[in-house]
Amino acid sequence: MSILVDENTRLIVQGITGREGKFHAEQMLEYGANVVAGVTPGKGGQEVLGVPVYDTVAEAVEKHDANATVLFVPPRFTKEGAFEAMDAGLKLVITIAEGVPVHDMLEVYHHSKKYGATVIGPNSFGVISPGKSKAGFMAHRIFSPGKVAVLSRSATNCYETVFMMSNRGIGQSTAIGIGGDMVPGSPFVEMLPLLEEDPETEAIVLIGEIGGSDEEIAAEYIKENVSKAVVALIAGKNAPKDTSMGHAGAIVAPDGTGSAENKEKVLKEAGAYIAESTEGIVDILEEIL
Amino acid sequence: MSILVDENTRLIVQGITGREGKFHAEQMLEYGANVVAGVTPGKGGQEVLGVPVYDTVAEAVEKHDANATVLFVPPRFTKEGAFEAMDAGLKLVITIAEGVPVHDMLEVYHHSKKYGATVIGPNSFGVISPGKSKAGFMAHRIFSPGKVAVLSRSATNCYETVFMMSNRGIGQSTAIGIGGDMVPGSPFVEMLPLLEEDPETEAIVLIGEIGGSDEEIAAEYIKENVSKAVVALIAGKNAPKDTSMGHAGAIVAPDGTGSAENKEKVLKEAGAYIAESTEGIVDILEEIL
Amino acid sequence: MKLLEYKSQELFYDYNIPSNKGLVIDSLEDLEDTLQDDEPVRGNDITAKIENYPVVVKAQVQTGGRGKAGGIQFAENAEEVKEISRNLLGSEIKGLEIKKLLVVDMIDVKKEWYLSVTLDRKSKTPLLIFSTEGGVDIEETAHQTPEKIAKIPINPMMGIKDYMIRYLVNYFNIDPKYLKPLYEIVKNLYTLFKEYDCLLTEINPLVIDGEGNLLAVDGKIDIDDNSLFRHDDILKFRDELTEDAKVIEAREYDFLYIPIRDEGNIGVISNGSGMIMSSIDLITKKGMEVSCALDLGGGATAERVKEAIKIVLENEDVELLLINIFGGITRCDEIARGLEMAADAVGDKKVIIRVEGTNKEAGLEIIHNMKDTVISVDSILEGVDALYEHFSG
Amino acid sequence: MKLLEYKSQELFYDYNIPSNKGLVIDSLEDLEDTLQDDEPVRGNDITAKIENYPVVVKAQVQTGGRGKAGGIQFAENAEEVKEISRNLLGSEIKGLEIKKLLVVDMIDVKKEWYLSVTLDRKSKTPLLIFSTEGGVDIEETAHQTPEKIAKIPINPMMGIKDYMIRYLVNYFNIDPKYLKPLYEIVKNLYTLFKEYDCLLTEINPLVIDGEGNLLAVDGKIDIDDNSLFRHDDILKFRDELTEDAKVIEAREYDFLYIPIRDEGNIGVISNGSGMIMSSIDLITKKGMEVSCALDLGGGATAERVKEAIKIVLENEDVELLLINIFGGITRCDEIARGLEMAADAVGDKKVIIRVEGTNKEAGLEIIHNMKDTVISVDSILEGVDALYEHFSG
C-alpha cells in the first residue's frame, strides 16, 4: 500500500504500440508493474509484450478491471486521451508528454476535479513506488524503497536527489513527477494530504522551481496540515525574468510572480527545511531522519 | 436554524424592480424575510420598498454580505441570473420561473454541483421556513411553524396539503418547492440529507408526480439513510402516457419510465407511507406523529 | 414539440446527416405542378425531385404504426403517386388528419440501425443510444434484449468523442469502415440536439444502403417547448402539427388543455398542474373517467375563466364539470364571476365547484346565488363525492 | 510566442476589436511605393493607408520602453515618415533590430484604460484584468494602487457574461454608455484568448478617442508555444521576431538555448530544465556568472551533442563550459563522443564535465583519454568547485 501506485495498481498503457509506449511498457513490466492492457485506436486485438491491446480505454477497463492509466501519446492527443480515460471511469491518469497546450490542460484540470479523478503531469516522469510498481518513464534503477516521498516539477533534479538518497541509504516511499508545465493536473498541494496520511511516508521532499504559485499554495497547506518533515528545494533562483527555462512552467512573470525568493520564504515560514542544492536535500534528510 | 432559509438568511431579490419581483419582495418583507438588496441591471442606485437596488449581484453581495438569492426574472434569463449569483459566491439560488429551457437548466445543474451551490427550482414556489423567513411566492398565510418538512414538485398540491396540515394543527419546519421541470436544480434526494440532519424536522412529506426518476432515486436514499418517517404522494397516476400534464417534467415516457406505479412501489419498499390524496397525507401524519 | 418526419429530415440535412431525399406534398394541385415541372415544391432549401421510380409515399402524422395503418405506400410511377396522394391527403390515421405527404426514393436497405440522443432525466445528461437492431420498436428491443442496445451518457461539457464510436463499433462487431461516417453522424446529431434544444433526436432506421452508405431514413425530433422563443424557424411549424383544435384554442388564452380519455364524460378545471393530476387521480379512483382537463395557470381573470369554461364545455363528451381552485394569486371571486359569465355555455350541465384561498368568501357568495345545478363543495374529496352522485357513466 | 504589436493589432481586427488602422513598413523601397501609390503594403487582409497627417511611426520590437528609446515618433507629412523610417529601420533598440515599422493614425486620446485576459496559474483559470488607469505600466499600478485594478477570474466553461462588465462599469464609475462597447471588446478579446491558445491578450492603452469611441491603440499577445501546431498562421511569423540568432540555430536541432547574463563567461549544457536551473543557481551562488545555457533534452546522439557544444562555444563570451549530464535516456558515452567530435570548437577552452547514469563507465573512458583541459568531475558540486578554480571573472 503506497499512494497512487503500488502492487494493486492494474495499469493501462495508452499508446502502447508506439515506440516510446512499447519501450516503457517493457520497462514497467520488468520493474514488476501490473500492466494489464494497452490501448491504441485501430490496433485492438493485437498483443504487445504479451499485453492485450484494445481500441478504447472502456474496453480495456471492462475486460481487465484496470484502475489506472499512463499515457504515452503525443502532446496534441493528451487531452483526448485523458478524457477518454476519465470517461471510462479511471480515477488515476498519468500523463507524460512534454508540450501539451496549456488550454488543453485547463480543460483536463477542471474536468478531473469534477470527476474526482487524479491527473498526474503532463511533462512528468510519472509515478513510482520503489519496489512495488511504476507508471512512467523514470530511470527506476536509481530508486530504492524507503520512507521519504519525493514530489518534483523537474525529472532531472528528482533523479539527482533520488540517486544520492539511494547511495546514502535513504529510500523513497513514492516519487511523483508533478510535471514542469504551467498547469499541472495535480499541483503539490493535492499530493500533500495523501502523503500526510500515508503510513509509509515519514518525510516529504518537495522539489519546486520558479514560476506560478503552486509552492506558495503548498506552503499554506503545510503550515496548517502537514506534521511530517518537509525538505524543499526551489530551482531557478538565478534565471532571468520573463524567460522560459525549458519547462513551460518555469518562468518568472515580469511583475516578479513566481520568483524563487518568495517561494523559499513562505515555505520556510511554513516550517519546511530549505535546501540550496539537490545534495543539500540529502544532507538535511540525513540530519532529520 | 432551519434548513436553507431562516432568520439568518440575508436574501437578494434578482429582478426586484419587475412587477412580480416587487410584489413578492413586499410579501417576503411582510413575512419577516431579511431582504437585504435587490438586483436589476441598469436600475442600480434606486430603492424599492426601502431596499437598495444594484446593477449586479456581486455588488449586492459585497455591500450587504448576502448569502442567498431568489430570482424573479423571466425564464429566458434564469440561466444567466443563476450563473451571476453563483459567480458572486452565493451558495443558495432559488429560481421561480416557469418555462426555463431544459438545456439551460442542464448547464445550471452541472455548474451548481461544481460550485457546491444549491439551486432550488425552477418552476417552484420557493422555500419557506414558517415563522422565520421565506424566499419565493408561496401563499405564506396557510403555513404554520412545526416539525414536518414538505418537499413538493407541485405548488398546488403542496398548498392543499399544507393548508390541511395547518388546519389540523400540524406545522411545517420547512417547505421546499422542488419544482415541476424535467431537471430540477435540487432533486428530492439532495434535500433528504439536510432534513435527516435537521433537528427541527421530525417527519418528511414528499409530494412527487409522474415523470423522471427522482422519486426512485430518493427512495434508494431513504431506504439506506433516512430514519425519519416519510409520507409520499405521487400525483398523475391516471394521466395519459407521453402527454405533458402541465409541468414540463410531469410526463410518462412512451416506454413507461416515470410511471406513478413504479414510484409508489419503490417508495413503499423504502419504508415510506404512501398517501392516496393530499388529505391522505395529513391523515397519515396525524396517525404517526 | 414533436416535429413531423419531413421537418426532422430537413434538420438532418442542415446538419450534414445524410438522409434520403424527398419532396413534400401538401395539396393535389401542387403535386400536379411538381410532376409536370419536374420541380420540387418544398418550402425550404433542400431541392429534390422524383428522379427514379419506385418511390415511397409517407403520410406525415405524429403517430407510430403508420405503416400498418396504410400511411406508407409504394408508387411505380407518377400516376400511382397521384392516386395514393388523392387517397391519403385529408384522410385520417388514428384520428389525425394527413395534411402533408413525404415522397422519398426507395432505398435498397441492407441493414437497419437505431441511433438517438435523448435527455436522460436520471443522470441529467444527454444520452446516446445505439443499436444494430434498428427499424423496429426500440422499447421492445430494450425490453427483450437489452444487451443489443448501448447507452452512453454524454458529458455536456465534453460532447461526442471518437472513442465512444470506436467502442460502439467494437461492441457491435461493426465493419471498421463505418467508424468514421458513424462518428460524423453521431457528432452532427448531437450538435443538432444541443443547438435546437432537443429532448430527443432519433434516427430509426439508420440504414446501410446497397452502396454501403449510411442514411437516415426516418427521424424523430422533439424540441423543448420552453425553448421555442429562440427557435423561430421551428415555432412557425407548430400550427401544421395535427393537434387537437381545443389544445390550439386553449393555447391562445394561455391555458393548457389536455385530452385525457375518449370514454370520459367529466371535465376538470383547476389552477395548477399538480391539482389537475390529483383531481384526475381521485376521480378515476372512484371509477369515473375524465374526458379532458384544463389548467388555468395563476391569476386568471373572470373573463378568462369564462373562456376556459366554454372551451371545456363545448366538448360534447363533457357532461359534468369539476372546478377545483386553491387560490393564491388566483382569486376565488374572479373564478365565481367567470362561471357566472359562462352561464350560457353551462346550460343545464352539473358543475361541482370548490374554491379555497384568496377572496374565498366573496367567491362563495356569488356561487351561492347561482342555480342549483352549480354545487359548491369544501374540499376536493367532497367534490369527487358530489361528482359520483351525478355520475351517469 | 509574443507577437509584435502590428500582428496583435491584426488579430484584434480579425476579432472585431476596434483598433487604430495602420500600415506596416519593412523596407524603404516599399515605403516609397506606398507613399506614391497611396496604397498599403501590409501583407495581410487589413487595408490601410495614410489618409491624414500627423501619423505615429512605431518600431516593431519586443521590448518595453520603446517610446523613451526613440522607437515611437511623430510625422507631419510623407517626407517625415521617410526620414524617420530611414533612421529606424535596421537600427537597434535594447539590442533588438528594428525590422518593421507600424504607421498609425494619430489618435485624439481622451482617456486611457487597461484591459487584458491572462492565464492565472494560481486559480488555473483565465483572468480578466481591467483598470481605468491605462497607458502606463500596469505592474506599477498594481503595486502602488491595487484598488485601481479589477481582476475577475473567468470560469472557462462560462466565459464572459455581461454582469461582469456591469460590475466593472460601476466599480470604476464609468459612463454607462460604454457598457455595451466594452462588453463587446472584452467578449471578443476572450474569444481571441481562447481560440488562439493565448497566455496573454492585452490592450494597453484601450483609448477613448475624441468621438467617444473605444480603440485598442497598443496590444500584446502571447501565444502558448506548445499550441503552435494548430496555429499555422502564427507559426510562420516566428522568424520575424527579433530573437537571438543562437536561439533560432539551437531550435533547428531541437535544443533550447537560453541567454542568461550579458556579463557571464560560463556556458552550461545539461539534459533537462531542472538541472540547467540547478547548475546556474550553484554557479551564481559561488559568485560566478553564466552567459548562456543549452538544454539537450533527452536521448541526444553524439552528432547532436557536437552541434550543441559548437553553438555554445561559438558564443565569444563563453570562456568556460560546464557539461552536466544525468543520463536516463541520454547515454553518457554519446555525450563523451560528442565532446570528442567538437574538439575544434573547444580549442583550449576549459570544459568541466560530469556524467552520471546510463553507460557512465564507457563515457568516462572516452573522457579520460581527452586532453587535460577537459576535467571530469563526479558531482555537480565538484563541477562548480572545478569551475571556480578556473574562473577569471
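Protein chains get the first letters and strands the later ones, always in sequence-line order, with residue 1 at the start of each.
- The environment of NZ in A/K237 is crowded: more than 12 heavy-atom neighbours from other residues, nucleotides or ligands sit within 6.0 Å.
- Highest contact tally toward chain A, considering only D/P259, D/C198, D/S270, is held by D/C198 [criterion: heavy-atom pairs under 4.5 Å].
- Counted within 6.0 Å of NZ on D/K220, heavy atoms from surrounding residues, nucleotides or ligands total 12 or fewer; the atom is thus considered open.
- The shortest distance between side-chain heavy atoms of A/D214 and D/K124 falls below 4.5 Å.
- Interface residue D/I260: backbone and side-chain heavy atoms are both found under 4.5 Å from chain A.
- Side-chain contact check for D/H143 versus A/D255: every heavy-atom pair is 4.5 Å or farther apart.
- With rounding to the nearest 0.5 Å, the separation of OG in D/S273 from CD in A/E209 is 5.0 Å.
- By the neighbour-count criterion of 12 heavy atoms within 6.0 Å, atom OH of D/Y253 is sparsely surrounded, having that number or fewer from other residues, nucleotides or ligands.
- Residue-environment remark: NZ (D/K246) exceeds the threshold of 12 foreign heavy atoms within 6.0 Å.
- The distance from atom NZ of D/K194 to atom NE2 of A/H103, rounded to the nearest 0.5 Å, is 9.5 Å.
- For D/K2, the salt bridge (Lys or Arg N to Asp or Glu O under 4.0 Å) criterion is met by A/D242, not counting sequence neighbours.
- Neither the backbone nor the side chain of D/E140 comes within less than 4.5 Å of any heavy atom in chain A.
- A side-chain donor-acceptor contact under 3.5 Å links D/R261 to the backbone of A/N238.
- Between A/S154 and D/G274 the shortest heavy-atom distance is OG-CA, 3.3 Å.
- Contact of D/S379 with chain A is made through the side chain alone, with heavy-atom distances under 4.5 Å.
- Neither the backbone nor the side chain of A/I207 comes within less than 4.5 Å of any heavy atom in chain D.
- With a 4.5 angstrom heavy-atom cutoff, D/I283 does not touch chain A via any of its atoms.
- The CG atom of D/D224 sits 7.0 Å away from the CE atom of A/M182 when rounded to the nearest 0.5 Å.
- By the 6.0 Å contact criterion, NZ on A/K114 is enclosed, its count of non-hydrogen atoms from other residues, nucleotides or ligands being greater than 12.
- Looking at A/R141, neither its backbone nor its side chain comes within 4.5 Å of chain D, counting heavy atoms on both sides.
- Between A/Y159 and D/F326, the ring planes lie tilted relative to each other; the angle falls in the 30° to 60° range.
- Contact count against chain A (heavy-atom pairs under 4.5 Å) is highest for D/D281 among D/N271, D/T125, D/D281.
- Contact between A/N157 and D/S278 at its shortest, heavy atoms only, is OD1-OG, 2.7 Å.
- Contact of D/D222 with chain A is not made at all, since no heavy-atom distance falls under 4.5 Å.
- Of the two parts of D/D197, the backbone and the side chain both hold a non-hydrogen atom closer than 4.5 Å to a non-hydrogen atom of chain A.
- What you find for D/S123 and A/H110 is that their closest heavy atoms are O-CE1, 4.3 Å.
- Within a 6.0 Å sphere centred on NZ of D/K360, other residues, nucleotides and ligands contribute more than 12 heavy atoms.
- Residue D/I138 does not touch chain A at all, counting heavy-atom pairs closer than 4.5 Å.
- A/D181 and D/R121 are not joined by a salt bridge, as no carboxylate oxygen comes within less than 4.0 angstrom of a charged side-chain nitrogen.
- Annotation for A/L106 and D/L119: closest pair CD1-CD1, 3.4 Å, computed over non-hydrogen atoms.
- Under a cut-off of 6.0 angstrom, the local environment of OH in A/Y273 is sparse, with at most 12 non-hydrogen atoms contributed by other residues, nucleotides or ligands.
- Interface remark: A/S152 contributes no atoms to any contact with chain D (heavy atom separation under 4.5 Å).
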Worksheet entry | Chi angles and distances behind the side-chain contact (heavy atoms from CB on, under 4.5 Å) call for A/M245, D/I280 | CA-CA 11 Å; A/M245 294 304 288; D/I280 297 171; 3.8 Å; yes
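- Minimum heavy-atom separation, A/V102 to D/L199: CG1-CD2, 3.5 Å.
- Heavy atoms closer than 4.5 Å to chain D are found in the side chain of A/P187, but not in its backbone.
- When the shell of 6.0 Å around NZ of A/K268 is examined, it contains 12 or fewer heavy atoms from other residues, nucleotides or ligands.
- For a residue to count as touching a neighbouring chain, one of its non-hydrogen atoms must lie under 4.5 Å from one of that chain's; by this rule A/E216 does not touch chain D.
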Item to complete: Carefully, step by step, assess D/I258 and A/T243 under the rule side-chain contact (heavy atoms from CB on, under 4.5 Å).
Response: CA-CA 8 Å; D/I258 314 167; A/T243 304; 3.7 Å; yes
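- Side-chain contact check for D/R230 versus A/P101: some heavy-atom pair is nearer than 4.5 Å.
- If you measure heavy-atom distances from D/L256 to chain A, the contacts under 4.5 Å come from the side chain alone.
- With hydrogens and angles ignored, the 3.5 Å screen pairs a side-chain donor or acceptor of A/T156 with a backbone N or O of D/M275.
- A salt bridge links D/R354 with A/E160: the distance from a Lys NZ or Arg NE/NH1/NH2 to an Asp or Glu carboxylate oxygen falls below 4.0 Å.
- With rounding to the nearest 0.5 angstrom, the OG atom of A/S277 is 5.0 Å from the CG atom of D/L381.
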